[in-house]
Structure formats: structure tokens, C-alpha cells
Amino acid sequence: MSDKKFTTLVSTCVPLPIENIDTDQIIPARFLKATTREGFGENLFRDWRYDSQGKEKPDFVLNDGQHQGEILVAGKNFGCGSSREHAAWAIRDHGFRVVISSFFADIFKNNALNNFLLPVQVSEYFLEKIWVQVKADAQVKITVNLESQTVSLPDGSSDGFDINTYKKACLLHGYDDIDYLLSMKEKIRDFEDQDKSGYLSTGKMATAN
Amino acid sequence: MSKKTLFDKIWEKHVVHRQEGHPDILYIDRHFIHEVTSPQAFNGLKKRGIPVFNTKKTLATADHNVPTKDQHLPIKDVLSRFQVDTLTKNCKEYGVELYDLNHPFQGIVHIIGPELGLTLPGMTIVCGDSHTSTHGAFGAIAFGIGTSEVEQVLATQCMLQYKPKRMKIEISGTLGKGVLSKDIILYIIAQISSSGGNGYFVEYTGSTIRALSMEARMTICNMSIEMGARGGLIAPDEITFEYIAQDRQFAPKGEALEQAKAYWKTLQSDEGAEYDAVLYFDADDISPMITYGTNPGMGIKIDGQIPTLSDLKNEKEHSSFINSLKYMDLEPGHALLGKKLDYVFIGSCTNARIEDLRLVADFVKGKKKAEGVEVLVIPGSKQVEKQAIKEGLDRIFIDAGFDLRNPGCSACLGMNEDKVPAGMYCISTSNRNFEGRQGPGARTFLASPLSAAAAAITGRVSDVRDFM
């Protein structure tokens, strides 16, 4: 997790051709009781990966011995459901640095970017292409280039992906949102002092009596 | 002047700084935190050696992992206790107000915000929980965030956000008997799928919405996230103002309330304002709903049939549909009506407010739960619990054989002891039917509080209209 930069990655991948993978599948709620960001990889896809006795399910892709790498390739609408950032931590902690899908849920996408895990949204067509090629050869290497915003396969085919210029710069240079926000502290203080969001925003909260 | 949507108006009022190519710096009026998604954010502050920017705008409660029995005793589960203790420690150290298990205001974060008058029209509200969308019912921009973003808000009272697209969902007409707001939202999600709102912030309008109580509106906004939308909001009106005026601890009162109302009345979308997408629904088409699958978009009329493969428009959905039915042990084309149940869960930020409990109590009064079905009633907050007891609802539940417990998120996500055992069927008033959501291997049918009440009495999936 200390790796706070992303430029290019060439890696084999783990294919998970399932749509609507929600964050409860990525990391079930009962494993959210830690108070640090580390160690969630152990329980990544817990109930798909292990049976109720804690034994590995041999047919699940992370256990089949065929597939590994730093890229997870998943079906449409990946990361829907709960806002738990633990999902992004678990994927990162397991060793993935990129998730490719044809669609990401909003909150997950933000959480991933905030953890230097790159969500790469490709076309349905290109995603299909990846499935086919990985099925034929588990060792096929995918290249993800953040600078050029492209993802390519060894046969020369490629697809572009979107990322906002701000987040792209954050990933390329390894800085985060809080660094940027803290640099704007004076502006924020002014905004608050002038109560620009409406008089209610200064409403006395809390101290119950 | 260009015409603006309500969403635009609130958003623009909260932009501290806008820079080409950058997300907006958005000021946050209310920040709610809880034990599960905040500890790592406080660790971040510690690491940077910085304080909470404005302690008056963050409020904490313990809800996600807490037991719903014997809340006056120390939490038995070691990890849960440590997480709650960490919240207590962090709140004390950083000066954040906390409603812990011993506090009369404790409860599910999205229930206590509105009931305490902390959620008000025109605000921006965030919390490290996707169901923060609930607060949109007041005409606020409210959405769930991740822990890194919780840290941003603690550190600067702001977050970096790109403005989402705007969708209008208009629902017109009068609801049929036995149809609740939960059915409206389950119906909409079934129509547009669990990703149909992705990238959008929804405004709900129309005569059907206008006729709903605040609590019913909250149920709709609550589940906006289940169609992938960032959030949902409803323009405030007299019903909103009346709710706020009901002696709510932190709401403005007297002259301040009148002033506030004058501003709140401006919180409407302009006539002719443009949306990026507009959808229309007719209340006549909406029946009591139930889900059969493993995402909230897999819903049908309670007296309908589970679809078959040939009913699915998109061939790509086939494999997830098949997997889903396999997990649920259900057959395509079959009806759910009459399906035997093991559990009934009445609770969660979707449906555990006092009106929900009243509806259930009114239905079950004088009846007994069916043999072999376990019925859990988890009030949304200490205040809801207190009110229920005051109204004698507790007696009705106990006489019916229901298990009435203390407030918390409970079996909605099974972080505490309240879990549905593997392979068992539960009809639930909560918001998610994902695999394992209510416990490993648990099978969830999402439905309204009335449908849950009917199921509790018959022990089977039942059409509440048959009892009316």
C-alpha cells in the first residue's frame, strides 16, 4: 500500500466475469471490524474463496492456481452497494493495482482512486476480448498505461479509458486529496466565516442538554 | 438567468473553489460518523498531526456493529467492543460529540440525523455510509463517502467532488391499498436496474411523492444508492417544515425557524430547469413489491412470477441471473407467494422509524406470529424505541411473539450477532439482498414493513392486500 504512484503496469490478470459484484462480496461486513487499513486482503471475496469451514474452494479463480497478477478483470457495475472503502483496501492489500471492468459504481471508483488502485473502464467489446484471450491463455499480459490512458493486449488491440485530469495527476505524482485541500485551508476558512453556504451551516450542533 | 434544478442550487451554494480540470471543493454542512468507517480516518489525522477542522459539524454515533440486546452491558464481541471504544477515544481526543450506546439519542445514523433536526433543507450532508442518501428527503444534497473522504471532511470540512449528472424521476397518481413508499422505490429499481442511476443524482417529484410523509420520503431517498445513483433528493414543502417544527432538539425554533422557512421555500427546481435524464412512473402501476434475487433491482410484484431467461432483455445478464437463483434456491417462472419463511427482519435505516413500527403494530395487533418463524423488530433509534413503548407498540409486538430489541443496524448487514443462518429465508425491510448480506449463506427477500408484517403472521410470503 505504500506504493503511492502509478505510471504503467504490465501484468497477467485474474478474470472474474461476473456482473454487479457488490462490496459485500468483495469484503463481507463481518470482516470490517479492524481499525487500520491493512490486512483486509486475507478476506477478499471471502465467501466465494472459502467454504464455511474456512477451506479454499478449489474452483474459485483466486484458488485455481491458473490465474494471478496485479490486474483484476471483472464484469459490469463492479463495486456497487456499500460505500466501504475496505473493499478497495482489500483488493489493494491482496496485491492488485488495477481493476478493469466495463462499468464501476461511483463510490467504489472514488475509493479506489484514493488508494492508488486504478479503475480502468473499458468498452463491453474490449472486456469481452480480454475474457476470450485470458481463457485461451492464462499467461496473457495486459498493459495499462496511465499517461496515454490506454489498456492493450499482446495482439496489438487496445482501448482507451477515461480518468479526470486531476486524479490522473495525483496518481502519476503520488499526492492525495488532503494535501490539495489543506493547501486551500484559508479559502475554506473564509467561506465558513462568511457563512456562504447559508446561515444554517453555522447552526449550533451538538452539545446535547 | 439560466434555470436551475434544486440540486444545482444547493451545489453551487457550497462550492468553495472551482478550478478548471479539478473537482469542485465542496463545503459540507453536516458530517456524520460511526464506528466502522471512521477509525482509519482519525488515524490519518494523527499521522498528519492535524485537528478536526470544525468539530461542531461532525456528529458520531455507534450503530453498525452494536448488539441489540443488553446494550447497558459491555459489548461481548471483542472486535466490536474495540471498534466502539476506538470511536469513543477518537471523539474525546478530537472533540467530536458522540451519542454512544448509553445516550438517549443513539441510533442508526440516518435515523437520528432527521429526528434530531440536524438534517435540514439546503444542506450538504455526508457520512461514511452509502445510505446517507436518506437525508435527501429534506431537500439536501446527501451522499455516502469512503473513509479517505471522511478524513478529508474531518481535516477540512470540505471534499473534492465532480458534479454528477441530474436525473428527475416523476411519480404521479394515488397509491393503491397496501402499497407503501418502499414499494415505490423497489418498483423503480426493478424498472431501471441496480445500475440504472449510475453517475446521477436523482430528484424525485410528482404528486405521489408530494403526498408522502417525511418518513416515507426518507425510505425512497434511502434506496437511491441501490439503483447506483449517488443520492436522491426531494424539494422541501409544508410536510417537510411541519416535520422539522416538531420539537426537534437541534432544529431552528421560533423566529429562527420562520427565517429558515423563508429560505427553504426557495429550494425548488426552476420551472423548465433541465435534467440529464427524466423518467416518469405512474402510481397505478405499483403493487406491493418483493425481490427474488441477489441485487435490489431483482424485484417483482409480490403476486407476480420470477422472470425466466427469455424475459431478460440482455443476454449478458443470464449468468448472474442463474447464479442468483441458485444462491436463493428458487426456480425461474415460479411465484413467491406462499413461499415459507424462517425469519422476518423489521429494521434498518430504510424502515425502522416510528411510522414503520406503527404500521406493523397496527397490522399485527391481536394476532400471533406463525410457528417456526422468528421475527426481529429493531427500532432505528433510542428515541424511536422510547416512542414505541410510550404508544404501547412494544406490548403488541411482545404479545404477537416478536422479538423487540434495542436500536442498531443489526441484521441489515449482520455485523453484530443478529444474523440469518445459511440457507434460511428472511423477508426483510432493509435495503440489500446481496449474497451473504444478512449472514453467510442467508437468503433475503426485500419488501415493505406491511409485507413483512403479513409474512410474520402467516410464516409465508403473503400479499397484504388479501387482509385488507
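Since the structure is predicted, the reported quantities are computational estimates derived from the model, not experimental observations. All values below were derived from every heavy atom in this structure, side-chain atoms included, with hydrogens, water molecules and symmetry-related copies excluded. In what follows, chains carry the letters A, B, and so on, assigned in the order in which the sequence lines appear, proteins first and then strands, with residues in each chain numbered from 1.
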_chain B contact via A:Phe103 - which portion, at a heavy-atom distance below 4.5 Å_ = side chain
*A:Lys187 atom NZ, neighbour heavy-atom count above 12 within 6.0 Å*: no
*Could you tell me which portion of B:Leu79 (side chain, backbone, both or neither) has an atom closer than 4.5 angstrom to a non-hydrogen atom of chain A?*
both
*Is there a side-chain contact between A:Glu85 and B:Ile145 (heavy atoms, below 4.5 Å)?*
no
*Measure from the side-chain N and O atoms of B:Gln83 to the backbone N and O of A:Leu32, and report whether any donor-acceptor pair falls under 3.5 Å.*
yes
*Among the listed options B:Ile28, B:Asn323, B:Thr37, B:Asp129, the residue most often paired with chain A at heavy-atom distances under 4.5 Å*: B:Asp129
*Using 4.0 Å as the upper bound for N to carboxylate O, is an ion pair formed by B:Arg48 and A:Asp176?*
yes
_SB check A:Asp22 B:Arg432 (cutoff 4.0 Å)_ = no
*Please flag which part of B:Asn198 lies under 4.5 Å from any non-hydrogen atom of chain A: side chain, backbone, both or neither.*
both
_Heavy-atom pairs under 4.5 Å with chain A - which of B:Pro39, B:Ser148, B:Gly146 has more of them than the others?_
B:Ser148
_With a 4.5 angstrom heavy-atom cut-off, is it the side chain or the backbone of A:Tyr180 that approaches chain B, or both, or neither?_
side chain
*When rounded to the nearest 0.5 angstrom, what distance separates CG in A:Asp47 from OH in B:Tyr327?*
7.5 Å
_Point-to-point distance, once rounded to the nearest 0.5 Å, from NZ of A:Lys33 to CG of B:Asp77_ = 3.5 Å
*Does the A:Gln25 side chain pair with the main chain of B:Glu435, one donor and one acceptor, at a distance under 3.5 Å?*
yes
*asked:* Once rounded to the nearest 0.5 Å, what's the spacing between atom CG of B:Asn54 and atom CZ of A:Arg189?
replied: 7.5 Å
*asked:* As an exercise: rank B:Pro296, B:Gly122, B:Ser320, B:Cys158 by heavy-atom pairs under 4.5 Å with chain A and give me the winner.
replied: B:Cys158
*Any donor-acceptor pair under 3.5 Å linking the side chain of B:Gln157 with the backbone of A:Ile188?*
no
*asked:* Which atoms of A:Tyr166 are under 4.5 Å from chain B, going by heavy atoms: the side chain, the backbone, both sets, or neither?
replied: both
*Check whether B:Glu12 gets within reach of chain A through its side chain, its backbone, both or neither, counting any heavy atom under 4.5 Å.*
neither
*For chain B, the option from A:Lys76, A:His86, A:Arg84 that forms the most heavy-atom pairs under 4.5 Å*: A:His86
*Are B:Glu151 and A:Ile178 close enough, and set up right, to give a side chain to side chain contact (heavy atoms under 4.5 Å, CB included), and what steps lead you there?*
CA-CA 8 Å; B:Glu151 188 181 336; A:Ile178 297 191; 3.3 Å; yes
*Please name the pair of heavy atoms, one in A:Glu192 and one in B:Phe53, separated by the smallest distance, quoted to 0.1 Å.*
OE1-CE2, 3.6 Å
*Residue pair B:Asn295, A:Cys80: steps toward the side chain to side chain contact (heavy atoms under 4.5 Å, CB included) verdict*: CA-CA 10 Å; B:Asn295 76 56; A:Cys80 58; over 6 Å; no
*B:Ala229, B:Gly228, B:Pro23, B:Gly128: which one forms the most heavy-atom pairs within less than 4.5 Å of chain A?*
B:Pro23
*Do any of residues 117-135 of chain A have a heavy atom less than 4.5 Å from a heavy atom of chain B, and if so, which, in residue order?*
A:Glu124, A:Glu128
*How long is the gap from CZ on B:Phe143 to OG on A:Ser83, to the nearest 0.5 Å?*
11.5 Å
*Identify the two heavy atoms, one from A:Ser82 and one from B:Ser130, that lie closest to each other, and give their separation to 0.1 Å.*
CA-OG, 3.7 Å
*Could you have a look at B:Glu149, B:Gln40, B:Met159 and say which one has the most heavy-atom pairs with chain A under 4.5 angstrom?*
B:Gln40
*What distance do A:Asp177 atom CG and B:Thr156 atom OG1 have between them, rounded to the nearest 0.5 Å?*
9.5 Å
*Side chain, backbone, both or neither: which part of A:Asp190 has a non-hydrogen atom closer than 4.5 Å to chain B?*
neither
*If you measure from NE2 on B:His22 to SG on A:Cys170, what distance do you get to the nearest 0.5 Å?*
7.5 Å
*For A:Asn114, is it the side chain, the backbone, both or neither that has a heavy atom under 4.5 Å from a heavy atom of chain B?*
both
*For A:Asn20, which residues count as a side chain to side chain donor-acceptor pair (under 3.5 Å) partner, sequence neighbours excluded?*
A:Asn77
*Tell me, out of A:Ala87, A:Gly75, A:Ala34, who's got the most heavy-atom pairs with chain B below 4.5 Å.*
A:Ala34
*Would you mind telling me which of B:Ile25, B:Ile10, B:Asn65, B:Val15 has the largest number of heavy-atom pairs within less than 4.5 Å of chain A?*
B:Ile25
_Contacting moiety of A:Arg46, where chain B heavy atoms sit under 4.5 Å_ = neither
*Report, as yes or no, whether the 6.0 Å neighbourhood of atom CG on A:Asp51 holds more than 12 heavy atoms from other residues, nucleotides or ligands.*
yes
*Output the option from A:Thr165, A:Asp106, A:Asn111 having the highest count of non-hydrogen pairs under 4.5 Å with chain B.*
A:Asp106
*Heavy atoms only, distances under 4.5 angstrom: which of A:Lys109, A:Arg30, A:Lys167 has the most pairs with chain B? Name it, please.*
A:Arg30
*Just by modelled atom types, is the B:Ala155 backbone N or O under 3.5 Å from a matching donor or acceptor in the A:Lys185 side chain?*
no
*Pick one of side chain, backbone, both or neither for A:Asp179, based on which atoms fall under 4.5 Å of a heavy atom in chain B.*
both
_Part of B:Gln161 lying under 4.5 Å from any heavy atom of chain A_ = side chain
